[in-house]
Each structure stands twice: as structure tokens, then as C-alpha cells.
Amino acid sequence: MHTALAACQVERGDLAAARAALALPGGDERWEHEFTHNDYLEARGRVRLAEGDAAAALSDFEACGVRLAQAAATQPGVVPWRSGAARAAAALGDRERARALADEDLAEALRFGTPLSHGLAPRTAGELAGGDCGIALLREAVECWPGARCGSSTSRRWPAWAPRCWPPGTGSPRASRCARRSTWPHRCAAAPVQQRVRDDLVAAGARPRRPSLSGVDALTPRERRITAMAAEGLSNREIAEALFITTKTVETHLRHAYAKLGVEKPLAVS
């Protein structure tokens, strides 16, 4: 719980809260013999890296790696320590060490083949590699990401960093789909991630949706028009006839609008 909370606070940009979440009852020594202490070291490494202390972060990540090797738990899906270590090494200017860690992580991910590890490792390797090779690795990471493999192609949820898979100015349809499917930072109040996602989407040629997910500002133009007509007393059928759409479409728009506005009772009836 402590490690998950710390990781969430890092994504939200609240490093003070992240550091507070790492305060273990009874102190670190009480827990260091538990396997879950590996998660703690990885989380503390993330916090330290976010705070700008790359050297201390690298020390935490590597200590985690040593412990996991002793437990024969080397695959990235257990605890993704190499990913953090690679980023810390890169922050320290040791690109060779960073690339070696990322490549080792990628090899382990391919060996074990779990969706999570196969999504994490190519991401780190791709961001460090850059260029066409990096883009190819990032796209591989997106396709292997657990959320991207669930449901139909139109309901997949891609990770927040997915827009980086398309070079600036491409304006590709897939970049636009990223704009629709990489919205979790807004829901989680992850402001730093939210800004990075928006910058990546704009650079890729997409037009990100509004950050508001509730209230009047969250309504689409069509939802605004239909709810306004419903508020005037028009029935769903009358709205459908006026807009040359089906009543089912009207119902769908109203249902979405109700959720955004917090309306429990229908504004119009068929």
C-alpha cells in the first residue's frame, strides 16, 4: 500500500506526499527481510529520481536488483527496477550504463513474455534509444501494454506515454486515437503526466480533448445541443426528428450528458 501510494503521488507531482507515504511503521529495518521490501526500494528510487537525486535513486534500484537476483525473480513484471535504474543512469549522464540496463530489461521481458513486462521494457529502451529504433520500440510497448490488449480495438486504453510513438507533425489517425484513449491523467489528477501527454499529443498532430470530464464544460457540442432541446421540453423522438438522427442516438447522448452533469432523472421522455 505504501509503495503504490508513493508511486501515485509521484505521478500527481506531489513529492512531499510521496515521501510521506514511504514512512514505514517501525522503520525500514523491520521490513527489509520481507519480499515486498523490493517494491519499497523501487518506489523510493522513483521518488528520489523525481526529487532530482539520481545517484540515491540508482542506489535504491540496484539494491532492489540484487535482492531480486538472490530470489531468482529477474523478470521485469515482478518489480521493474531496471527501468528505473536505466533512467537514473541516464540522468547521471551514464548513457552506456542506461542502455545496457534497458537492453537487459528488454531481453528478460522477451524471455518471460508477460504483457506487463513486455510493455514496460520496450518503453524504457525506446525512450533511451530515440530515433526510428526508439519509435519502433515504443510502438511495440503500446501494443503489448495490458490495457491495450483488453476488449475490442475501439475500446482499448493506451498508456499515457503512447503519443510519443508518433513523430512530431505526423497527424496520423492513430495519434488522434491516442488523444481519445490516453485520458487517465485527467481522471487521476496527475497534473505532470497530464501536461506531458498533452504536449506529446499536440506534437504528434492530434487535438486533445478538453481536460474537463464533468460539468457543462465536459459536454460535446452535440451533447450541449441535445440537452438544451431536452431542457426545452422536447421528447427524445422530437429531438431525433429535428436532428435527423435515431432516438437511440439521442438516448446515448443524453445518458453521457447525464453522467457528466450529475443528473439522475431524464430531461426528456420518448
Side-chain angles (χ1 to χ4, degrees), residues 1-109 112 114 116-129 137-138 141 145 159-161 164 185 188 190-193 196:
M1 182 180 71
H2 289 269
T3 58
L5 180 57
C8 289
Q9 296 295 1
V10 167
E11 298 296 347
R12 294 187 64 195
D14 193 341
L15 299 185
R19 173 62 64 179
L22 291 174
L24 296 176
D28 296 2
E29 293 183 1
R30 177 183 174 185
W31 304 96
E32 63 183 12
H33 297 297
E34 301 290 335
F35 186 82
T36 52
H37 194 66
N38 296 309
D39 296 292
Y40 177 82
L41 288 172
E42 192 270 339
R44 191 171 69 184
R46 279 205 245 179
V47 173
R48 286 176 165 175
L49 186 58
E51 290 175 336
D53 193 348
L58 182 58
S59 178
D60 276 340
F61 290 129
E62 290 182 333
C64 178
V66 170
R67 288 169 53 94
L68 289 170
Q70 293 172 347
T74 58
Q75 69 121 324
V78 178
V79 182
W81 71 272
R82 291 188 200 84
S83 177
R87 296 173 190 280
L92 291 170
D94 191 346
R95 300 291 296 183
E96 183 176 350
R97 173 65 173 153
R99 290 292 299 276
L101 284 162
D103 290 345
E104 182 182 353
D105 208 29
L106 187 57
E108 287 292 301
F112 285 93
T114 63
L116 180 58
S117 61
H118 208 167
L120 286 171
R123 174 199 173 185
T124 303
E127 291 182 342
L128 289 173
L137 285 167
L138 284 172
W145 197 253
W161 42 267
R164 299 177 196 173
C188 300
V193 184
R196 289 199 301 271

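Note that the coordinates shown come from a computational prediction; the quantities given were computed from them, not determined experimentally.
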Side-chain heavy-atom pair [X], [Y] within 4.5 angstrom cut-off:
| X | Y | answer |
| --- | --- | --- |
| Arg19 | Gln9 | no |
| Leu58 | Leu92 | yes |
| Glu42 | Asp60 | no |

Roughly how far, to the nearest 0.5 Å, is the [atom2] atom of [Y] from the [atom1] atom of [X]?
| X | Y | atom1 | atom2 | value |
| --- | --- | --- | --- | --- |
| Arg67 | Leu41 | CZ | CG | 6.0 Å |
| Ser83 | Leu128 | OG | CG | 8.5 Å |
| Glu104 | Thr74 | CD | OG1 | 8.5 Å |
| Arg46 | Leu22 | CZ | CG | 10.5 Å |
| Asp53 | Arg44 | CG | CZ | 11.0 Å |

Could you report the tightest heavy-atom contact between [X] and [Y], atom names first, then the distance?
| X | Y | result |
| --- | --- | --- |
| Ala86 | Ala98 | O-CB, 3.2 Å |
| Gly45 | Phe61 | C-CZ, 3.4 Å |
| Ala91 | Ala54 | CB-CB, 3.8 Å |
| Arg99 | Ala129 | NH1-CA, 4.2 Å |
| Ala102 | Thr124 | CB-CG2, 4.3 Å |
| Ala88 | Leu49 | CA-CD1, 3.8 Å |

With a 3.5 Å distance limit and no angle check, can you tell me whether Arg82 reaches the backbone of Asp103 through a side-chain donor-acceptor pair? no

Tyr40 side chain to Thr3 main-chain N or O, any donor-acceptor pair under 3.5 Å?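 Between the backbone of Thr3 and the side chain of Tyr40 there is no qualifying donor-acceptor contact (under 3.5 Å).
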
Could you go through the side chain to side chain contact (heavy atoms under 4.5 Å, CB included) check for Trp81 and Asp39 one step at a time? CA-CA 9 Å; Trp81 71 272; Asp39 296 292; over 6 Å; no

Looking at residues at least two apart in the chain, or sitting in another chain, which of them share a side-chain contact (heavy atoms from CB on, under 4.5 Å) with Ala4? none

